[in-house]
Amino acid sequence: MSFSRRAFVGSALALAACEGQGPATAAAQPARSGPLPRLRDLVPFPVGTQLVSDHLAIPSVVDLASTQFDQITTGYDLKMEYLVQPDGRLRFDGPDALAAFADANGQSLHGHTLVWYADEPEFFQRLDGRQAAFERAYDNHITTVAGRYAGRMRSWDVVNEPVTDEGRSLRESLWTRNLGQDGHFERAFHLTHEADPGALLFTNEYHLESKPHKRRTFLNLIERMLSRGVPIHGIGHQSHLLCDLPRGAVAEAMREIASLGLPIHMSEVDVSLQSERPFGSRRDREAAQIRLYQETIEAYMDLPRIQQFAYTIWGVRDAESWVRQDWYGGDHTDAPLLWDDNGLPKPTYWAVADAMRARRMR
Ligand code: XIL
């Protein structure tokens with residue numbers, strides 16, 4: 001996620017503070033009780049969540065992550081910022097713990113992410129401009145990390161967020177500067193495929209609902225890379241939504257993304273209560289949030305089964321959500337997920353479960 005998005009959300013929050021016209025007041029959601037259906041049991045495709053190894057110390061997170069979901073995405077521990085030490089050595093205690101957790105619970109594992117513009121560890125920065133050494137280090141990183149989990153990783157986000165935030169061009173980064181725009185992308189996919197031929201390989205992007213031009217840039221990149229023989233097996237569609245996303249934008253994005261015919265991973269679903277414009281009361285925002293979760297489920301379940309790779313919610317409890325981290329905006333009143341700070345189910349959980357069940361009965 002780019003820093004300009006942080007500024008963008010910050011300004012949006014300032015705007016939203018002067019609450020003005022918004023949608024009609026939301027109807028109060030009925031409280032729900034009784035045993036929680038397991039989301040993984042309600043649909044024919046994997047339902048995932050994102051975990052950080054530190055979260056394995058939180059009992060309610062462990063309980064929900066191990067029962068509600070049948071796929072785990074490593075939200076932080078397989079990023080370079082965790083793995084790569086200043087001297088270039090790699091640490092694997094975190095991802096190994098997450099892999100053991102997934103194995104113990106019979107869950108698939110999705111590795112996030114090998115190459116990201118926002119991850120530029122000191123070790124690689126010191127090689128900036130020394131092309132031969134940089135290439136060796138880049139290739140060694142991908143081969144070592146993907147090779148370590150070969151046979152255990154269902155899939156990888158190989159290159160994360162290759163398109164600029166404004167959406168009309170490809171990002172420049174430490175990786176593109178030293179290896180080339182196409183070079184860094186092609187190397188990463190080919191090396192990951194060589195290291196783990198059984199893993200499905202994705203490139204992953206955000207804002208594909210609210211920025212059709214960014215969606216087009218991303219899909220053009222994928223089509224161009226596929227035409228060059230790059231082993232891209234699926235499309236990562238992050239789906240970090242703000243509550244004022246217009247009705248229908250989710251379905252429109254899904255239709256265009258699905259037109260490539262590849263498996264789609266709705267890879268980082270959450271619906272923030274923040275907005276780009278004044279939107280109304282907290283209850284209006286919560287009602288819109290529920291509607292948007294329902295739209296994501298409906299759009300995903302409308303896909304052909306062969307394109308339903310997995311539907312992954314970006315975390316379990318609101319308390320650990322990334323939207324509350326300072327680098328994103330640090331709004332501790334935001335509540336984008338399905339369980340609250342104490343691990344109790346919210347109306348968003350029931351909305352997702354009901355939408356899954358309703359769609360299955362069609
Ligand atoms: C976030 C994680 O959730 C946080 O734990 C971490 O501190 C920062 O990154 N898009 C992405 C993810 O692809 O890697 C980001 O995840 C959220 C935005």
Side-chain angles (χ1 to χ4, degrees), residues 1-10 48-58 61 65 69 71-84 94-95 97-98 109-121 145 155-165 167 171 173 175 185 188 201-211 214-215 218 221 234-242 245 264-272 274 296 309-332 334-339 341:
M1 189 66 60
S2 83
F3 293 109
S4 60
R5 177 168 168 76
R6 178 182 57 188
F8 153 74
V9 169
T49 192
Q50 175 259 137
L51 274 183
V52 173
S53 57
D54 287 350
H55 299 168
L56 298 178
I58 307 169
V61 172
F69 304 98
Q71 182 161 299
I72 300 296
T73 292
T74 60
Y76 175 66
D77 298 75
L78 278 173
K79 289 175 176 171
M80 287 187 180
E81 63 182 299
Y82 177 92
L83 293 170
V84 184
L98 291 172
L109 195 58
H110 178 78
H112 176 80
T113 179
L114 290 166
V115 178
W116 191 24
Y117 80 94
D119 267 352
E120 298 185 349
V145 176
S155 49
W156 277 101
D157 288 330
V158 177
V159 176
N160 195 41
E161 302 180 352
V163 179
T164 55
D165 196 50
R171 287 187 191 279
S173 66
W175 319 114
F185 195 98
L201 307 185
F202 289 74
T203 183
N204 187 46
E205 194 54 88
Y206 69 91
H207 260 174
L208 303 183
E209 308 84 359
S210 55
K211 294 183 179 177
K214 179 170 187 178
R215 182 167 76 225
F218 184 51
L221 168 68
I235 300 173
H237 174 24
Q238 290 185 14
S239 301
H240 291 298
L241 307 183
L242 296 180
L245 183 73
I264 296 170
H265 184 194
M266 254 186 149
S267 56
E268 304 186 15
V269 183
D270 53 24
V271 184
S272 167
Q274 300 175 52
T296 64
F309 170 79
Y311 178 96
T312 295
I313 299 169
W314 202 243
V316 178
R317 303 189 316 178
D318 288 331
E320 289 75 43
S321 172
W322 72 293
V323 302
R324 294 197 181 174
Q325 293 175 1
D326 292 340
W327 72 283
Y328 181 77
D331 178 357
H332 286 256
D334 202 352
L337 296 173
L338 305 188
W339 286 271
D341 291 1

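Remember, it's 1-based here, ligands and their atoms both numbered in the order they're listed. Keep in mind it's a predicted model, so treat the numbers as computed, not measured.
Remark: ligand 1 and Glu161 share an N or O pair separated by less than 3.5 Å (distance only, no angle test).
Atom numbering of ligand 1 starts at 1 in the shown order; those under 4.0 Å from a heavy atom of His240 are 10 (N), 17 (C), 18 (C). Atoms of ligand 1 lying under 4.0 Å from at least one heavy atom of His112, given by number and element, are 11 (C), 12 (C), 13 (O), 14 (O).
Using bins of under 30°, 30° to 60° and over 60° for the plane-to-plane angle, the ring pair Trp322/His240 lands in the tilted bin. Under the 30°/60° scheme for interplanar angles, the aromatic rings of His265 and Phe202 are found to stand perpendicular.
Between Glu320 and ligand 1 there is no heavy-atom distance shorter than 4.0 Å.
In Trp314, the part holding a heavy atom less than 4.0 Å from any atom of ligand 1 is the side chain. Contact annotation: for Asn160 versus ligand 1, heavy atoms closer than 4.0 Å belong to the side chain alone.
Checking His55, Glu268, Lys79 against atom 13 (O) of ligand 1, the nearest heavy atom belongs to Glu268.
For the residue pair Tyr117/Asn160, the side-chain donor-acceptor check at 3.5 Å is not satisfied.
By the side chain to side chain donor-acceptor pair (under 3.5 Å) test, Glu120 is found to be paired with no residue, residues two or more places apart in sequence or in another chain being considered. Considering only residues two or more places apart in sequence or on other chains, His112 meets the ring-ring contact (aromatic ring centres under 6.0 Å, His included) condition with Trp314.
Remark: side-chain polar atoms of Thr312 are not paired, donor with acceptor, to backbone N or O of Glu268 under 3.5 angstrom.
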